[in-house]
Amino acid sequence: QVHPVESGGGLVQAGGSLRLSCAASGRTLNKYVMGWFRQAPGKEREFVVAIKWSDGSTIYADSVKGRFTISRDNAKNTMYLRMNSLKPEDTAVYYCAADDSIVIFTNTLSYDYWGQGTQVTVSS
């Protein structure tokens, strides 16, 4: 099993930046896809970005392309999400998730392990 734990959320003004972290304990991640999802109040949880740990390949949601960057630190078993040019519509609880897969999927049902989430609030 993998136990993801998010950190780094907070309150930021529009146009600002934040970096989220996801530390995954339990197993090495070479056979996993790690993803970020978010859920705004009253909305369904949506895909943000994911990375295939073994080769670093990524998929981004169109809404965050060019503004968000996912990265990983193999030695620390930690994934990061750098969020630039934040907008009020980026406000949500951000979740880290792990999928025991060799293919990157973007739907929530594919992911087996989830963190508790971290709140990101972007003020206008």
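Note: hydrogens, waters and symmetry copies are ignored here, and every other heavy atom, side chains too, is used. All of these numbers come straight from a predicted model, not from anything done at the bench. Along the sequence shown, the residues carry numbers beginning at 1.
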*Answer yes or no: is there an ion pair linking D90 with K87, defined by an N-O contact shorter than 4.0 Å?*
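Result for this pair is no, no salt bridge flagged.
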If we ignore hydrogens and angles and just use 3.5 Å, is the side chain of [X] paired with the main-chain N or O of [Y] as donor and acceptor?
| X | Y | answer |
| --- | --- | --- |
| R45 | F37 | no |
| N77 | A24 | yes |
| T78 | K76 | yes |
| E6 | Q116 | yes |
| D100 | D112 | no |
| T91 | V122 | yes |

*Does Y32 reach the side chain of S101, with side-chain heavy atoms less than 4.5 Å apart?*
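Sidechains of S101 and Y32: no contact.
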*asked:* Let's go through F68 and V48 carefully: what are the C-alpha distance in whole Å and the side-chain angles of both, what is the deciding distance for side chain to side chain contact (heavy atoms under 4.5 Å, CB included) to 0.1 Å, and is it a yes or a no?
replied: CA-CA 9 Å; F68 291 11; V48 177; 3.8 Å; yes
Do [X] and [Y] land in one hydrophobic cluster if side-chain heavy atoms of ILVMFWY residues count as linked below 4.5 Å?
| X | Y | result |
| --- | --- | --- |
| L20 | I59 | no |
| L29 | I104 | no |
| Y80 | L86 | no |
| M79 | F47 | no |
| V120 | M34 | yes |

For a quick test of reading the model, state the closest non-hydrogen atom pair linking [X] to [Y] and the distance between them.
| X | Y | value |
| --- | --- | --- |
| W53 | R72 | O-NE, 3.0 Å |
| F105 | Y111 | O-OH, 2.6 Å |
| T69 | Y60 | CA-OH, 3.3 Å |
| R38 | Y94 | NH1-OH, 2.9 Å |
| A14 | P88 | CB-CD, 4.1 Å |
| G9 | T118 | N-OG1, 3.2 Å |

*Got a sec: does the CD of E44 have more than 12 other heavy atoms crowding it under 6.0 Å?*
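Atom CD in E44 is not packed in, count stays at 12 or less.
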*Count the heavy atoms of every other residue, nucleotide or ligand shown that sit under 6.0 Å from CD1 of I102, and state whether that count exceeds 12.*
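Open: at most 12 neighbouring heavy atoms sit under 6.0 Å from CD1 of I102.
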_Between N84 and S17, do the side chains contain a donor N or O and an acceptor N or O under 3.5 Å apart?_
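Yes, N84 and S17 have a side-chain donor paired with an acceptor closer than 3.5 Å.
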_For T28 and N30, which I'm curious about, is there any donor-acceptor pair between the side chains at under 3.5 Å?_
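No pair is found: no donor N or O on one side chain lies under 3.5 Å from an acceptor on the other.
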*How far does NE2 of H3 sit from SG of C96, to the nearest 0.5 angstrom?*
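Between H3 NE2 and C96 SG, I get 12.5 Å after rounding to 0.5 Å.
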*In terms of ring plane angle, is the pair Y95 and W114 parallel, tilted or perpendicular, where the classes change at 30° and 60°?*
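Ring orientation, 0 to 90° scale: perpendicular.
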